[in-house]
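Side-chain atoms are counted along with the backbone in the values below, which use heavy atoms only and exclude waters and symmetry mates. Chain identifiers are assigned alphabetically (A, B, ...) following the order of the sequence lines, protein sequences preceding nucleic acid strands; residue numbering begins at 1 within each chain.
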Amino acid sequence: MDDVTAILDPLNDAQREAVTAPAVPMLVLAGAGSGKTRVLVHRIAWLMQVEGVTPFGIMAVTFTNKAAGEMRGRIEQLIGGPAGSMWVGTFHGLAHRLLRLHCREAGLREGFQILDAEDQHRMIKRLLRAMEMDDGRWPPRQIQWFINARKDEGLRARHVADNDDPVQRQFIRVYHAYEEACERAGVVDFAELLLRAHELLRDNESILRHYQQRFRHVLVDEFQDTNAIQYAWIRLIAGKDGCPFIVGDDDQSIYGWRGAKVENLQRFQNEHPEHRVVRLEQNYRSTGTILRAANALITHNNDRLGKNLWTDGEEGEPVTLYAAYNERDEAQYVVESLRQYLRDGGARSDIAILYRSNAQSRVFEELLMAEAIPYRVYGGLRFFERQEIKDALAYLRLMANRDDDPSFERVVNVPTRGVGQRTVEQVRAQARADGSSLWKAAGELVNSGRISARAGSALTRFIDLINRMAEDSADLDLHEQVDHVIQVSGLYEHYGKEKGEKADARLENLDELVSAAQAYEPDPLEDELPPLASFLSHAALEAGEGQSDAWEECVQLMTLHSAKGLEFPLVFLTGLEDGLFPHQRSIQDPDGIQEERRLCYVGMTRAMRHLYLSYAESRRLHGSETYGVPSRFLAEIPADCLHEVRPRVQVSRPATLTGGGLAQAPVDGITLGSRVHHAAFGEGIVLNREGDGPQARVQVNFEGVGSKWLVLAYAKLESLS
DNA sequence: AGTGAAACACTTTTT
DNA sequence: GTGTTTCACT
């Protein structure tokens, strides 16, 4: 039983309590840096080695591939062998596996493929056109969002009520059309994977019973991020007597905007009266001061499940606050400070620069570039999302399934082969008339001869190309197949002709696709599937790394959202201005503010040893100069945790520290953010200010009237606050 | 079919 | 200010 010491020794009391918990539903409230992955991993080892559960009976669910991979790795390390038949994966990945295993019962064809967000967007645009709906009045993005949000709630088009709202009615119409189009093409989008898998279990007694009996132990990571359908899914599989082991942190719920429901934590407790809660509150990451600052901030939120992080580590240095003159000054300060850290022997990869929105990365990039400090920006296009890669995949998808309309549309005329818009439109019309796929419609059109000779021969060329490639590569290995397609389709040549350095990069990517195919190993747990179809699913489900310029030691730049789950010795949390962070779009809504506050909390708790906060008094935003107020979050951090560096007085709008928080000094009574009254426009909030003296102009957002620029000398504004 | 100007919108992101 | 997308022109 010395295995057990290996499992339990590295744990603290709370962690141990969670890991060794009896067979009841468990909720582990795991604060930032409290070792939640460790608890999950050790729990699994405990189940196997002490409770005698086989890997076959365990399912562990995460949100990202990265988290899933890490978990699997650590499990295998701890138990000293492969986790084999254990189901460890993302919600989408596991739902996908379920659907592959039971595609017949799920109402899907055998080789169904997955639509990524871009494919889905294109498809909706096409549908709108076919339905003769103006995509100006019906923004495809909005409809896409609508459909996904409904699916995340578990609702199909036929379930959505229009409430006599004409707009809603149109949305539902498109949703219906979209469902049909997906059905016809044999594709499913991301949300559909979850919804379908849920329906599969819900509607198939025997399948459900099988999985309920099999997975008595379902473990879920980041439970605060689950949406309605994911919750329902877990509920179903866990069944009445399952013992779900849930790990989450309500204070780190930052995905409400995409359907995540923090309430699921509460709901879990209500629906499992016999559950037990363990709180992991000891933090192993940050200094005492950083924790004190973060704790104080998050205390301003309501309805918390309650948790207070502590550490027995050292106090550490105060959190530094820098009031920058503008965004360039902010960047300069950040770079100076990180230089100092590097001079003191710190590693570049220890450093993270965090911001609220992607656009903010630019200033930092420019400066880091100029100073020749290697950096890496997270986010952006990932490997399998690149244009040339998606083109190649579209060819492959068509070969696997001729009815794949999105892929047909994508490559009929890439590279150009004389199938113009006119011809494609004819094919679409034919498909609509026959209720068939584009591929069949194209064949039909060519045979019927109701098409010009030129267009007909161009289409025929395309049809023959696909057929020929499918035939010729049928017996090849996967990577040879991919290579063959890239060459024969003309894609390689096509992208080679692109000008600039782009061509090289694109060709390199295409080569890398071949390598990826060569390295690909099908999932042994689901594969009856031909390697090609399996590879294509993999490409959609795991879009690959962002543009990771190798593993060179780099300063890390990323949004606060993508920083979740990571930790860095040195963290810069930048752009702390009202309107930017918290973001303008969240500011009206109290729940929005709370989510922003949690985001700030997440950002602060990324820091291990050094935390720098900064804001800029003026900033170029969307092209024009704006004047920000220090983020309200700054005022919520106790003054004695903060060390304010070079507080600038007498810039455009001085900020001073008073009474434990930041307050603004008045500038002739009209301060940014204050309420004013105007004779004609009524009441509003001062958003912006330009210039000095009587000629100064202010931008005021009036209730009802909207925002106006006014010259102070003429406007006769009355300050109300 | 490919280029260029104009119009436009602009959190956060995984799968 | 920047990147994207659409439309019009060659």
Side-chain angles (χ1 to χ4, degrees), chain A residues 61-68 89-96 114-122 125 129 134-136 139-142 145 148 151-152 188-195 197 222 225-227 229-230 253-260 327 354-363 366 378-382 384-385 387 413-423 458 494 497-499 537-544 546 558-565 575 579-587 592 595-596 598-600 602-603 619-626:
Chain A
V61 198
T62 64
F63 276 84
T64 65
N65 290 304
K66 195 175 156 208
T90 63
F91 277 99
H92 297 267
L94 298 182
H96 172 251
I114 300 167
L115 228 46
D116 73 8
E118 193 213 349
D119 300 331
Q120 187 185 32
H121 180 71
R122 285 162 168 262
K125 264 169 86 167
R129 219 162 283 169
D134 174 18
D135 60 2
R141 287 257 169 252
Q142 215 171 314
W145 182 86
N148 288 335
K151 289 190 177 187
D152 285 345
V188 297
D189 59 49
F190 289 131
E192 182 76 23
L193 288 170
L194 300 175
L195 179 53
E222 306 274 24
D225 289 337
T226 51
N227 62 31
I229 196 78
Q230 286 160 336
S253 155
I254 55 174
Y255 286 111
W257 53 273
R258 65 175 196 211
E327 79 279 6
L354 308 182
Y355 35 78
R356 175 67 236 266
S357 59
N358 285 308
Q360 287 166 256
S361 74
R362 231 195 72 230
V363 208
E366 280 169 5
Y378 274 67
L381 265 198
R382 282 151 337 144
F384 287 110
E385 292 168 354
Q387 186 187 321
N413 203 29
V414 177
T416 26
R417 53 173 68 84
V419 184
Q421 276 307 303
R422 292 291 285 271
T423 313
H494 172 69
K497 279 193 283 212
E498 208 152 295
K499 49 193 157 198
S537 306
H538 164 82
L541 237 31
E542 182 157 5
M558 66 189 86
T559 64
L560 286 153
H561 283 91
S562 29
K564 189 163 98 160
L580 231 206
F581 188 27
H583 195 273
Q584 195 61 49
R585 306 265 278 248
S586 315
I587 252 168
E595 183 153 313
E596 298 276 317
R598 291 191 291 266
L599 192 54
C600 188
V602 166
R619 177 183 297 275
R620 266 197 111 68
L621 218 57
H622 314 314
S624 59
E625 204 79 7
T626 56

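- Residue A/R356 places a side-chain atom within donor-acceptor reach of the base of B/dT12, judged by atom type and a 3.5 Å distance cut-off alone.
- With sequence neighbours excluded, the residues satisfying side chain to side chain contact (heavy atoms under 4.5 Å, CB included) with A/V414 are A/D391, A/L491, A/H494.
- Whole-Å rounding puts the A/L580 CG to B/dT12 P distance at 11 Å.
- Distance check: A/S537 OG to A/E542 CD gives 12.5 Å after rounding to the nearest 0.5 Å.
- Using a 4.0 Å cut-off between a side-chain N of Lys or Arg and a carboxylate O of Asp or Glu, A/K564 and A/D225 qualify as a salt bridge.
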Which atom pairs link the protein and nucleotides 1-8 of chain B when you take only N or O atoms and keep those under 3.5 Å?
residue: B/dA1; atom: OP1; partner: A/N413; partner atom: ND2; Å: 3.3
residue: B/dG2; atom: OP1; partner: A/T416; partner atom: OG1; Å: 3.3
residue: B/dT3; atom: OP1; partner: A/K499; partner atom: NZ; Å: 3.3

Contacts under 3.5 Å, N or O only, protein and nucleotides 3-10 of chain C:
residue: C/dT6; atom: OP1; partner: A/K125; partner atom: NZ; Å: 2.6

Canonical and wobble pairing (Watson-Crick, G-U, under 3.5 Å) of DNA chain B, dot-bracket with |: ||||||||||.....
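- Across all strands shown, A/Q120 has no heavy atoms under 4.0 Å from either base or sugar-phosphate atoms.
- Rounded to an integer number of Å, the gap from CH2 of A/W145 to P of B/dT11 is 15 Å.
- When the side chain to side chain donor-acceptor pair (under 3.5 Å) test is applied to A/R619, the partners found at least two apart in sequence or on another chain are A/E330, A/E577.
- Using a 4.5 Å heavy-atom threshold, the side chains of A/H96 and A/H92 count as separate.
- Glycosidic conformation, B/dT11: syn, with the torsion inside 90° of 0.
- Checked by atom type and distance alone, the side chain of A/E596 never pairs as donor or acceptor with a backbone atom of A/F581 at under 3.5 Å.
- Formation of a donor-acceptor pair under 3.5 Å by the A/N148 side chain with backbone atoms of A/D189 is not found in this model.
- Listed candidates were B/dT12, C/dG1, B/dC10. Nearest to the side chain of A/R620 is C/dG1.
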Chi angles and distances behind the side chain to side chain contact (heavy atoms under 4.5 Å, CB included) call for A/T559, A/R356: CA-CA 5 Å; A/T559 64; A/R356 175 67 236 266; over 6 Å; no
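- A 4.5 Å side-chain heavy-atom check between A/E118 and A/E385 finds every atom pair outside the cut-off.
- Taking atom C1' on both nucleotides, B/dT11 is separated from C/dT6 by 24 Å, rounded to a whole Å.
- Below 30°, between 30° and 60°, or above 60°: for A/Y255 and A/H561 the angle between ring planes is between 30° and 60°, a tilted geometry.
- Taking atom P in both C/dT5 and B/dT12, the straight-line distance is 15 Å, to the nearest Å.
- Between the side chain of A/R598 and the backbone N or O of A/S253 there is at least one donor-acceptor pair closer than 3.5 Å.
- Although no hydrogens or angles enter the test, the distance criterion places a donor-acceptor pair under 3.5 Å between the side chain of A/Q360 and the main chain of A/S357.
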Enumerate all atom pairs, one protein N or O and one N or O from nucleotides 13-15 of chain B, separated by less than 3.5 Å.
residue: B/dT13; atom: OP1; partner: A/T559; partner atom: OG1; Å: 2.4
residue: B/dT13; atom: OP2; partner: A/N358; partner atom: ND2; Å: 3.2
residue: B/dT13; atom: O2; partner: A/R258; partner atom: NH1; Å: 3.4
residue: B/dT15; atom: OP1; partner: A/N65; partner atom: N; Å: 2.7
residue: B/dT15; atom: OP1; partner: A/N65; partner atom: ND2; Å: 3.2
residue: B/dT15; atom: OP2; partner: A/R382; partner atom: NH1; Å: 3.2
residue: B/dT15; atom: O2; partner: A/H92; partner atom: NE2; Å: 3.3

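- Using modelled atom types, no side-chain atom of A/E595 and backbone atom of A/G592 make a donor-acceptor pair closer than 3.5 Å.
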